[in-house]
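A short worksheet on the structure shown next.
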Amino acid sequence: MARTMQFKIYRYDPDKDNAPYMQDISVEIDDAVDRKLLDVLTKLKAKDDTLSYRRSCREGICGSDAMNINGKNGLACLTEIKELKQPVVLRPLPGLPVIRDLIVDMTQFFKQYHSIKPYLINDNPPPDRERLQSPEDREELNGLYECILCACCSTSCPSFWWNPDKFVGPAGLLNAYRFIADTRDEATNARLDDLEDPYRLFRCHSIMNCVDVCPKGLNPTQAIGKIKEMMVRRAI
Amino acid sequence: MVNRIVVGAHYGLKDWIIQRATAIILALYTVLFLAVVGAVGPDSFEAWRGIFASGFMKFATFLFFISLFWHTWIGIRDIWMDYAKPDGLRLLLIIATAAVLVGYTGWSIQILWRV
């Protein structure tokens with residue numbers, strides 16, 4: 001069924017605009033073909049080709065099209081248009097500098113991600129085939145390795161808004177626990193030492209915005225809780 | 001001095017544990033206080049003073065105040081760390097908070113052992 005959808009989209013082109021503004025725009029959609037918000041964005045882009053946003057895989061794997069949709073962070077490609085209240089308000093991810101329209105500068109986000117050393121640290125020479133884990137040990141990594149670094153969680157976290165340069169943020173901390181929990185990793189103590197910090201870890205006050213928005217259904221608050229639990233176990 | 005972002009003070013776990021431990025003490029004391037007041041039903045100054053006359057009640061109430069002020073210290077310091085951006089201002093606010101809470105502790109001792 002064809003119908004018209006109303007949109008309010010955050011627009012800002014620093015080369016042309018003095019200040020950001022909200023653009024009212026409508027588009028004809030066909031519910032039989034247009035299923036996800038990204039489908040409609042493609043139509044909007046055809047209508048007004050100055051509209052800028054990131055996209056790539058269009059199936060919730062690359063994490064490029066993260067944006068603030070009706071006040072809640074999410075991926076355009078995973079958001080059902082049927083469930084959206086109109087006018088659909090689209091804004092860039094909150095808390096990060098805007099490059100243009102819905103595109104934000106993710107430098108600070110990735111700086112925090114890299115700060116947790118997101119790779120296996122093991123100085124022993126690797127065996128011929130691979131470093132093995134028991135199925136139980138591998139189980140612990142479920143719900144951690146699936147993070148696609150879309151930044152929906154970190155940019156919905158007030159602690160990350162206030163201290164993006166010092167607080168690792170939910171995405172970074174979830175990934176930190178992914179390596180702390182990995183039995184093949186040998187830098188557990190150093191990783192815990194690095195995170196035992198009033199800013200890097202303890203800015204998290206468990207308000208769980210991150211859990212609420214994660215498009216992959218992951219639970220950074222639980223991962224952060226497990227990091228704290230390991231620190232307590234180590235200290236007492 | 002160059003203005004570089006520095007993190008790595010390596011504390012926070014103790015505060016995090018204390019915040020939780022003091023919260024439990026505050027909750028337990030609240031139950032105790034309501035139970036005692038409910039049982040005694042004080043209707044005069046003398047009756048209120050009677051509640052706090054015993055050594056146990058003095059001890060429990062003092063523990064409550066210490067927990068309250070320690071809990072407050074961690075929480076308020078967190079607020080300054082989040083919102084007070086200039087380092088000098090933050091240090092000033094942290095010192096002022098600590099001073100006020102130490103003062104409150106002395107004051108609560110004076111009040112408790114006066115009755």
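Chain letters run A, B, ... following the sequence lines, proteins first, then strands; residues in each count from 1.
In this structure, Arg184(A) fails the cation-pi test against Phe179(A), since its NZ or CZ atom is not both closer than 6.0 Å to the six-membered ring centre and inside 45 degrees of the ring normal.
When Lys228(A), Met231(A), Arg203(A) are compared by the number of non-hydrogen pairs under 4.5 Å with chain B, Arg203(A) comes out ahead. Chain A forms more heavy-atom pairs under 4.5 Å with one residue of Ile5(B), Ile17(B), Asp78(B) than with any other, namely Asp78(B). Note on Ala235(A), Pro198(A), Ser159(A), Pro158(A): by heavy-atom pairs under 4.5 Å with chain B, the leading option is Pro198(A).
A salt bridge links Asp194(A) with Arg200(A); the closest basic N to acidic carboxylate O contact falls under 4.0 Å.
Leu13(B) touches chain A through backbone and side chain together, each having a heavy atom under 4.5 Å away.
Side-chain contact annotation: Lys85(B) with Asn163(A), donor-acceptor N/O pair under 3.5 Å present.
A 6.0 Å sphere centred on NZ of Lys117(A) holds no more than 12 heavy atoms belonging to other residues, nucleotides or ligands.
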